[in-house]
Structures are given as C-alpha cells and as structure tokens.
Amino acid sequence: MAYWLMKSEPDAFSIDDLERVGTEPWDGIRNYQVRNMIRDEMKPGDRAFFYHSNTKVPGIVGIMDIVSEARPDPTAFDPDEKYYDPKSDPDKPRWLLVDVKYVRHTKRVIPLPELKADPALEEMPLVRRGNRLSIMPVSEDQWEHILSLEDQG
DNA sequence: GCCAACGTTGGC
DNA sequence: GCCAACGTTGGC
C-alpha cells in the first residue's frame, strides 16, 4: 500500500465537497508525469492526503482512499469541459483519472508553512522550490509523521 | 494581483 | 532537436 498527496483548489473542489459526495472521479489531470504515476504506481487501497492549494491557508485538510485503477478521463473528450483536450482520442485516451473516496477530515488543517518548517518533511516535493506536481508520493515515514502533527499545534 | 518556476508548443 | 514564446501553477 502506497501513500500520496493530492492537491485541489477548494474553490473548485474541497474536502467538504468530497465528504458530501463520498466518492469522486479525480479528473482534470493534464500533466504527463502525474498521469504516469497514477497509471503505473497508484493502486486501489492506497491512501492519500487531500491538500487545499491556491487558497488563503494552503495545507493538508483530509484523508481519502484510492478506490479504482486509473481509467480514461471523460472530461478530456467533452468540448464543454474546462479541461477538454481535442488531441485525446477516445480510442487511445491520453488522460486518466482515479476514483477517490472520503475517509475523514484531519483534526485540524495542517498548514503549508508548518510542513515547510518541519525537518522530517524536507524531502517532500510539496515543500521543494518550484514543485508543480498536483499528485505526489508520500513515504510511510512522512505519512506517519504528518498524522502525528494532527494532535499538535 | 504579482510573478517565479516550469511544462508545453511550434517554428525553424 | 533546439529553444523562445506562451500558458499554467500556486505561494505570497
């Protein structure tokens, strides 16, 4: 079982939205590196932190389960969709998604500056300069460490 | 709203 | 295959 961190802008889709719907297709991935990770490394049963980006207090806000294999992202085929990609052929889909399922909110928001200041997390892509991955792997040690932060601060 | 970082596109 | 221009991400 692997661990992940997945970013979403809460104005578009928040942890509260995920709690409301229960399970959601994580669509809109349009980055090859991220696509390859979900295609080759992500598996049902994996677990992920839900991260709010591009908001007043960016940080980790919840936990979810990966509940599907990677499958074609239908929004890539729909001209009305924001993330429509005319170059993605339904017979040979370029973009993939996975389904995620709400587990719980973290006990508190764990804000980005706190993650950045933590020596145990300095290897995380999240806190490294110029990182632009919307999904990234989290090691087991990092996962446990972040969970331990829930009860602090 | 600004802008640094970085991925993608397309002309050559 | 190079690389300048352009678009996007996302913190601040």
Side-chain angles (χ1 to χ4, degrees), chain A residues 2-21 24-42 46-64 66 68 70-100 102-139 141-143 145-150 152-153:
Chain A
Y3 300 99
W4 304 91
L5 181 145
M6 301 168 74
K7 297 179 186 174
S8 178
E9 300 189 12
D11 288 347
F13 188 75
S14 71
I15 186 69
D16 292 337
D17 294 327
L18 181 61
E19 181 177 24
R20 204 169 299 121
V21 297
E24 176 78 3
W26 197 269
D27 58 23
I29 296 168
R30 297 293 181 269
N31 171 287
Y32 289 104
Q33 200 179 342
V34 172
R35 181 205 64 185
N36 294 348
M37 273 194 299
I38 70 164
R39 182 189 63 197
D40 302 334
E41 294 168 44
M42 196 176 264
D46 286 357
R47 191 151 267 209
F49 286 123
F50 194 124
Y51 176 91
H52 280 177
S53 66
N54 207 5
T55 187
K56 194 166 183 183
V57 183
I60 290 170
V61 295
I63 294 171
M64 55 196 172
I66 310 304
S68 79
R71 58 185 177 84
D73 180 347
T75 66
F77 309 133
D78 184 347
D80 294 331
E81 286 284 348
K82 180 181 174 192
Y83 292 108
Y84 173 58
D85 180 358
K87 294 179 195 156
S88 184
D89 178 350
D91 291 329
K92 204 182 171 206
R94 175 180 293 194
W95 302 116
L96 305 174
L97 59 74
V98 293
D99 296 302
V100 299
Y102 177 81
V103 174
R104 65 177 177 86
H105 284 59
T106 46
K107 295 173 194 167
R108 63 185 180 94
V109 176
I110 304 170
L112 179 61
E114 185 176 333
L115 301 169
K116 277 188 166 172
D118 194 326
L121 301 175
E122 64 187 12
E123 298 297 322
M124 286 189 80
L126 182 72
V127 303
R128 305 199 77 117
R129 197 173 62 103
N131 162 66
R132 293 182 56 188
L133 296 175
S134 62
I135 298 180
M136 67 191 73
V138 175
S139 75
D141 284 350
Q142 290 163 350
W143 180 272
H145 184 78
I146 291 166
L147 285 181
S148 78
L149 299 177
E150 272 192 298
Q152 301 171 23

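In what follows, every chain begins at residue 1, and chains take the letters A, B, ... in the order their sequences are listed. Side-chain atoms are counted along with the backbone in the values below, which use heavy atoms only and exclude waters and symmetry mates.
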Study note, to complete from the structure: When Asn131(A) and Asn54(A) are each assigned the nearest nucleotide of DNA chain B, the 5'-most assignment goes to Asn54(A)

Review point. Got a sec, which residues hit side chain to side chain donor-acceptor pair (under 3.5 Å) with Arg71(A), two or more places apart in sequence or on another chain?
Key: Asp99(A)

Exercise for review: Specify the separation, in whole Å, of atom CZ of Arg30(A) and atom P of dT9(C).
Suggested key: 11 Å

Exercise for review: Indicate, with a heavy-atom threshold strictly under 4.0 Å, whether Lys56(A) touches base, sugar-phosphate, or nothing.
Suggested key: nothing

Check your understanding: How does protein reach along nucleotides 2-8 of chain C, written 5' to 3' as B (base within reach of a heavy atom under 4.0 Å), S (only sugar-phosphate), or - (no contact)?
Key -> -----BB

Practice item. Indicate, with a heavy-atom threshold strictly under 4.0 Å, whether Arg129(A) touches base, sugar-phosphate, or nothing. Key: sugar-phosphate

Check your understanding: Phe50(A) and Trp4(A): ring pair (Phe, Tyr, Trp, His ring centres under 6.0 Å), yes or no, with the steps?
Key -> CA-CA 9 Å; Phe50(A) 194 124; Trp4(A) 304 91; over 10 Å; no

Exercise for review: Report the distance from atom CD of Glu114(A) to atom C1' of dG11(C), rounded to the nearest whole Å.
Suggested key: 17 Å

Check your understanding: His52(A) has an atom NE2; how far is it from atom P of dG11(C), in whole Å?
Key -> 12 Å

Exercise for review: Please identify each residue that fulfils side chain to side chain donor-acceptor pair (under 3.5 Å) with Arg129(A), with sequence neighbours left out.
Suggested key: none

Review point. Whole-Å distance between dG11(C) P and Leu115(A) CG?
Key: 11 Å

Check your understanding: How many Å lie between CG on Leu5(A) and P on dG10(C), as a whole number?
Key -> 11 Å

Check your understanding: Counting just side-chain N and O atoms, does Lys7(A) come under 4.0 Å of either OP1 or OP2 of dT9(C)?
Key -> no

Exercise for review: Using the test side chain to side chain donor-acceptor pair (under 3.5 Å), find all partners of Lys107(A) that sit at least two apart in sequence or belong to another chain.
Suggested key: Asp151(A)

**Study point:** Residues Arg104(A) and Glu19(A) bridged, charged N to O under 4.0 Å
**Key:** no

Practice item. Round to the nearest Å and state the distance from Asp11(A) atom CG to dG11(C) atom P. Key: 13 Å

Point to revise | Pairs flagged by side chain to side chain donor-acceptor pair (under 3.5 Å) wherever residues 72-84 of chain A is involved - sequence neighbours left out | key: Arg30(A)-Asp73(A), Arg30(A)-Thr75(A), Asp73(A)-Thr75(A)

Check your understanding: Looking only at side-chain N and O atoms, does Lys116(A) come under 4.0 Å of OP1 or OP2 in dC12(C)?
Key -> yes

Check your understanding: Distance check: side-chain N/O of Tyr51(A) vs OP1/OP2 of dT9(C), anything under 4.0 Å?
Key -> no

**Study point:** Non-neighbouring partners of Gln33(A) that pass side chain to side chain donor-acceptor pair (under 3.5 Å), sequence neighbours left out
**Key:** none

